[in-house]
Amino acid sequence: AYVQGYKEQLIVNGDKDDFYFNTYHDDSTILVSFFRKKLIEELINHFTENKFFVMSITGGIVPILTLASADELITLDYTIQLSGGQLIKVERNEEAIHRTQLGGIFYEKEPLIAQAIYTSLHQTHPCFEQGLLTEQLQQQQNEYAQFRQFVFFGLVLVFSVLLALVGNYLYVNKLNQEVADLEVELTLNNDNLSLLETLKQEKIRKELLVDNSGVYQKHFLTFYVDKIAETIPANIDLQEALIFPLKESLKEKRKVEFEKHTINIVGTTPSSELLEEWMNKLNRYSWIQSVQLVNYLKTEGTATFKLLITLQE
């Protein structure tokens with residue numbers, strides 16, 4: 001097991017929680033790179049504000065050891081030599097070197113470190129602390145998985161809410177259109193109802209007019225007309241016959257009333273004796289109550305008369 005409490009031994013002034021550590025160890029030696037969190041605090045905040053998830057933070061060339069074989073010589077800022085998986089040499093170079101050989105192939109420093117970080121996130125190396133690049137990497141991976149689940153379900157929830165809003169918007173528009181159509185239909189129906197009400201009033205008025213005229217009585221126009229026509233002398237000419245005449249002239253919004261038992265006859269006669277004889281004949285009918293001469297105007301050879309015949313009720 002590697003040396004316990006190595007972090008406290010490395011830090012002179014500060015707390016271990018204020019630093020990021022990357023370690024590689026064998027049975028007796030620990031290779032550590034570390035730096036203060038405050039140095040990149042602003043950058044981390046920038047990632048957080050933009051909804052990026054920081055899986056791991058590395059420092060130095062320690063991650064390159066994830067690509068190294070059990071026997072390897074790495075020469076960059078430091079010269080690191082492995083033999084049988086053991087660290088046998090760690091030495092700082094006076095001048096930084098940006099190219100090194102690894103597994104017989106030369107690599108540039110930055111692409112090599114990037115490849116090493118990617119590899120460390122996807123595989124376990126037996127010589128790394130807990131098999132990971134950093135001590136908190138497993139926890140970070142778990143948190144990242146939870147973060148992805150949160151993002152997924154968050155997007156599903158947002159999409160569901162958005163879909164519901166769109167659906168409600170379309171449904172409300174449909175309802176508004178139906179309401180508009182119903183309002184138009186209601187307007188048309190109101191016009192029809194108004195017309196129907198007018199027609200009903202007209203029907204009532206005409207029914208009343210017909211009823212008052214005596215249409216439904218047992219003896220109506222044809223009976224009276226036929227009987228009176230039978231008695232007319234040959235020399236008397238009828239000019240006008242009003243059966244059930246109006247009591248008064250028609251007036252708007254006034255009830256129509258008839259003289260239900262009255263017949264007015266206007267005509268001409270060559271003599272008063274002939275007219276009087278006809279009046280006596282009419283008086284013999286049981287359905288006639290009286291026959292009155294209300295007007296008699298004599299002219300050359302003829303006379304114009306008006307009779308008022310009152311019928312029995």
Side-chain angles (χ1 to χ4, degrees), residues 157-232 236-269 275 278-279 281-297 304-313:
L157 179 62
V158 170
F159 178 77
S160 300
V161 172
L162 181 61
L163 185 62
L165 290 175
V166 172
N168 287 337
Y169 174 77
L170 296 176
Y171 182 65
V172 168
N173 281 346
K174 178 177 178 295
L175 291 180
N176 289 336
Q177 184 60 45
E178 290 181 354
V179 169
D181 294 341
L182 290 175
E183 288 178 347
V184 173
E185 185 177 351
L186 181 61
T187 301
L188 296 176
N189 289 337
N190 285 337
D191 294 339
N192 293 334
L193 288 174
S194 299
L195 178 60
L196 181 61
E197 185 63 27
T198 301
L199 293 175
K200 285 181 177 179
Q201 295 298 327
E202 183 68 15
K203 178 184 176 184
I204 293 173
R205 189 182 71 83
K206 290 185 177 180
E207 287 177 347
L208 182 61
L209 178 64
V210 172
D211 183 61
N212 290 336
S213 67
V215 170
Y216 300 116
Q217 294 183 6
K218 181 177 180 181
H219 301 295
F220 188 51
L221 299 176
T222 55
F223 175 81
Y224 300 129
V225 171
D226 287 344
K227 291 299 182 180
I228 291 174
E230 288 177 358
T231 62
I232 298 175
I236 292 180
D237 295 326
L238 294 187
Q239 297 176 348
E240 183 180 284
L242 296 177
I243 301 175
F244 305 160
L246 295 172
K247 286 185 177 181
E248 59 182 8
S249 300
L250 292 175
K251 295 181 180 179
E252 187 177 356
K253 297 182 180 179
R254 291 287 298 274
K255 181 180 178 180
V256 179
E257 294 185 359
F258 296 89
E259 297 286 351
K260 292 184 179 181
H261 305 91
T262 302
I263 299 176
N264 293 333
I265 295 178
V266 178
T268 60
T269 179
L275 177 60
W278 182 42
M279 291 173 62
K281 190 179 293 186
L282 291 174
N283 272 320
R284 294 191 187 103
Y285 287 119
S286 60
W287 44 270
I288 293 180
Q289 180 177 332
S290 66
V291 179
Q292 300 177 27
L293 179 64
V294 295
N295 189 21
Y296 186 83
L297 180 62
T304 301
F305 66 88
K306 179 178 180 181
L307 296 180
L308 175 61
I309 300 175
T310 303
L311 305 177
Q312 294 288 352
E313 295 184 7

Query raised in the report: Does the side-chain contact (heavy atoms from CB on, under 4.5 Å) test come out yes or no for Leu307 and Leu293, once each step is laid out?
Result: CA-CA 5 Å; Leu307 296 180; Leu293 179 64; 3.7 Å; yes

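With sequence neighbours excluded, the residues satisfying side-chain contact (heavy atoms from CB on, under 4.5 Å) with Asp191 are Thr187.
Taking every heavy atom of both residues into account, Thr268 and Gln239 meet most closely at CG2-NE2, 3.1 Å. Smallest separation of non-hydrogen atoms from Thr262 and Pro245: O-CD, 3.2 Å. Shown here for Gln312 and His261, the closest heavy-atom pair between the two residues is O-CD2, 3.8 Å. Thr269 and Tyr296 get closest at one heavy-atom pair: CG2-CE1, 4.1 Å. Pairing each heavy atom of Val291 with each of Met279, the nearest pair is O-CE, 3.7 Å.
Side chains of Glu240 and Asn264 form no contact here, defined as non-hydrogen atoms less than 4.5 Å apart. When side chains are defined from C-beta on, Ile288 does not count as touching Ile263, because their heavy atoms never get closer than 4.5 Å. Between Val172 and Tyr169 the shortest side-chain heavy-atom distance does not fall below 4.5 Å. Between Ile228 and Tyr285 the shortest side-chain heavy-atom distance does not fall below 4.5 Å.
In this structure, Leu308 CG and Leu242 CG are separated by 11.0 Å, a value rounded to the nearest 0.5 Å. Rounding to the nearest 0.5 angstrom, the gap separating the CD1 atom in Ile232 from the CG atom in Leu238 is 4.0 Å.
Proximity of a side-chain donor or acceptor of Trp287 to a complementary backbone N or O of Leu311 within less than 3.5 Å is not detected.
Test Asn190, Leu188, Leu182 against Leu186 for side chain to side chain contact (heavy atoms under 4.5 Å, CB included) and you get one pass: Asn190. Tested against Asp181 for a side chain to side chain contact (heavy atoms under 4.5 Å, CB included), the candidates Glu185, Glu183, Gln177 yield a single pass: Gln177.
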